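Here is how names work: the chains are called A, B, and so on, in the same order as the sequence lines, proteins then strands, and each is numbered from 1. Here the structure is a predicted model, which is why all the values come from computation and not from measurement. All values below were derived from every heavy atom in this structure, side-chain atoms included, with hydrogens, water molecules and symmetry-related copies excluded.
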There are 2 protein chains.
Amino acid sequence: MKLPKETKIHGRWYDDACGTAFALELVGERWSLLVMRELMLGPRRFSDLRASLPGISAKVLTERLAGLEASGVVLRETLPPPAAVQVYGLTEWGYRAEPIMQELGRWAAASPLHDPGLPLSSVSFMLSLRTMLDTARADGGSAAAGFGIGEDTFIARLANGEMPVRRESIDKVDFAFLARDAQVLVALFYGKVDPATLEAAGALEIRGDRAAAFAFVTLFALPSG
Amino acid sequence: MKLPKETKIHGRWYDDACGTAFALELVGERWSLLVMRELMLGPRRFSDLRASLPGISAKVLTERLAGLEASGVVLRETLPPPAAVQVYGLTEWGYRAEPIMQELGRWAAASPLHDPGLPLSSVSFMLSLRTMLDTARADGGSAAAGFGIGEDTFIARLANGEMPVRRESIDKVDFAFLARDAQVLVALFYGKVDPATLEAAGALEIRGDRAAAFAFVTLFALPSG
DNA sequence: CAGAATCCCATTCGATACTG
DNA sequence: CAGTATCGAATGGGATTCTG
């Protein structure tokens, strides 16, 4: 006779009261943190997530979402009619995991083995901007910067040294960067490639106040050493 | 004919330039971060590591150490004679991973599911002190606090709002806490259990300047909510 | 299209035994 | 003590299929 195999929160790996160990039990499985990363800028649908995470299978995504939901990190909700679609979003506590990803990224960026040539999801790029914002230089400045990356649009609103980013349509911004993919923006913001070159290649379009847009780009930089 | 199967850095999981994803390729395997945690306060021997990580097998520990060495996180060295034993330590870059663990711990501590009753390694406890130091209250203060936890001894040197912790014998400190295990110190520092109770139970001994020791304890607290 | 269910192979893990 | 070797069991994850 088999027990009905209750939803397990994935049984206690490390017998350890350390907060780090507990966190790893919650989000230490393969893919978990990357799923959370993709939700960090707002709820998404199952297939959006799948598309943003090259290599994840439907099964694994289902499992991770279920696990994260059981852990109180993810919330599954059905949008009100007429949309009536299912979306997954982070709980308030889930959103507070952003510093974990920032520290991981900051640390890994200092590795000599890092290959920045790989593809990048639009969310990854937008989150990296938040991490790489030079708060000293940005302080006092303010701007509403639009981003169009493939099908996705975001607005980053710089004010008081903070810069929340939201998935939002980009009308009413001071300027906007429209790019085919996130790598183009990596070249622009971190590679400091000349915008004119990218525009000439048809990979980038800058709308609105171009001077302000160029100034905005200078607020971001990879850690120096 | 079989290829000699070169040391693989464990082949590319996520095809993703995001720093977070890359970090997870380096240290995202089960146990990796906990091994690093145990090395965070100084080099250890294989069997010390095994003893501090309840549940890890010799095989997995060997594999993780090799992987971390290949990634440039861990360094294997042989102590000069007459000791001549093998120890594993973090590289300079490896030590810079501490904020990752702090953020993980901080975040997980806010979970309602966290069970603080589990056993805790001495390193976990000492690292938690660094995380939970109330820098506002500690600023200006200074002290050399000794800790004896089981067989391990550490000194935490508070000065200028910083508090490095080192594996070191505890003579020449202002005061020292001697405890049977880390849980006793959790009760003292975070549970705010009366020291007298713990001493009466034979679980704790406080040496040196007791008043200063009591004041020191008040500098640490779990996040309020 | 969203996602649950099944199948099956590859990998990983842990226990035990063994070695310098 | 510091691992290596081997083996069986558990798990993971891709592919495919099925349902609303």
Colleague: Applying side chain to side chain contact (heavy atoms under 4.5 Å, CB included), can you list everything that pairs with A/Ala109, at least two apart in sequence or on another chain?
Modeller: none
Colleague: Does B/Arg30 place a side-chain N or O at less than 4.0 Å from the phosphate oxygens OP1/OP2 of D/dA10?
Modeller: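 No, outside the criterion.
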Colleague: To the nearest angstrom, how far is A/Glu77 atom CD from C/dG3 atom C1'?
Modeller: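 The distance from CD of A/Glu77 to C1' of C/dG3 comes to 18 Å, rounded to the nearest Å.
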Colleague: A/Phe177 and side-chain contact (heavy atoms from CB on, under 4.5 Å): which single residue from A/Val217, A/Leu198, A/Ile149 fits?
Modeller: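 Result for side-chain contact (heavy atoms from CB on, under 4.5 Å) with A/Phe177: A/Val217.
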Colleague: With sequence neighbours left out, what residues match A/Phe220 under ring-ring contact (aromatic ring centres under 6.0 Å, His included)?
Modeller: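 Result, ring-ring contact (aromatic ring centres under 6.0 Å, His included) vs A/Phe220: A/Phe189, A/Phe216.
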Colleague: Which residues in residues 33-50 of chain A have a heavy atom closer than 4.0 Å to any atom of DNA chain C?
Modeller: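 Those residues are A/Arg45, A/Phe46, A/Ser47.
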Colleague: Strictly below 4.0 Å: does B/Gln86 bring a side-chain N or O up to OP1 or OP2 of D/dC1?
Modeller: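 No, outside the criterion.
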Colleague: Identify, with sequence neighbours excluded, every residue that meets salt bridge (charged side-chain N to carboxylate O under 4.0 Å, His left out) alongside A/Arg30.
Modeller: none
Colleague: Quick one, which residues of residues 54-65 of chain A touch DNA chain D with a heavy atom under 4.0 Å?
Modeller: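 Result for residues 54-65 of chain A: A/Gly55, A/Ser57, A/Lys59, A/Val60, A/Arg64, sorted by number.
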Colleague: Please name all residues satisfying side-chain hydrogen bond (donor to acceptor under 3.5 Å, both in side chains) with A/Ser122, sequence neighbours left out, ordered by chain then number.
Modeller: A/Asp152
Colleague: For B/Glu63, check side-chain hydrogen bond (donor to acceptor under 3.5 Å, both in side chains) against everything at least two apart and list the hits.
Modeller: none
Colleague: Got a sec, which residues hit salt bridge (charged side-chain N to carboxylate O under 4.0 Å, His left out) with B/Arg44, two or more places apart in sequence or on another chain?
Modeller: B/Glu38
Colleague: Based on the rotation axes of five pairs at each end, what angle does the helix from C/dC1-D/dG20 to C/dG20-D/dC1 bend through, to 10°?
Modeller: 30°
Colleague: Measure from CG on A/Leu53 to P on D/dG13 and round the result to the nearest Å.
Modeller: 13 Å
Colleague: Side chain to side chain donor-acceptor pair (under 3.5 Å): which pairs involve residues 177-191 of chain B, sequence neighbours left out?
Modeller: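 Of all non-adjacent pairs touching residues 177-191 of chain B, those that pass side chain to side chain donor-acceptor pair (under 3.5 Å) are B/Ser128-B/Tyr190.
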Colleague: Report the residues that fulfil side-chain hydrogen bond (donor to acceptor under 3.5 Å, both in side chains) with B/Glu92, sequence neighbours left out, ordered by chain and then residue number.
Modeller: B/Arg96
Colleague: Name all residues meeting the side-chain hydrogen bond (donor to acceptor under 3.5 Å, both in side chains) criterion together with A/Thr153; count only those two or more places apart in sequence or in a different chain, and write none if there are none.
Modeller: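 Testing A/Thr153 for side-chain hydrogen bond (donor to acceptor under 3.5 Å, both in side chains), a comparison that skips the adjacent residues, returns none.
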Colleague: Passes salt bridge (charged side-chain N to carboxylate O under 4.0 Å, His left out), B/Glu103 versus A/Arg106? Steps please.
Modeller: CA-CA 13 Å; B/Glu103 289 301 338; A/Arg106 225 194 291 279; over 6 Å; no
Colleague: Give the rounded distance in Å between these two atoms: CZ of A/Arg76 and C1' of C/dA2.
Modeller: 10 Å
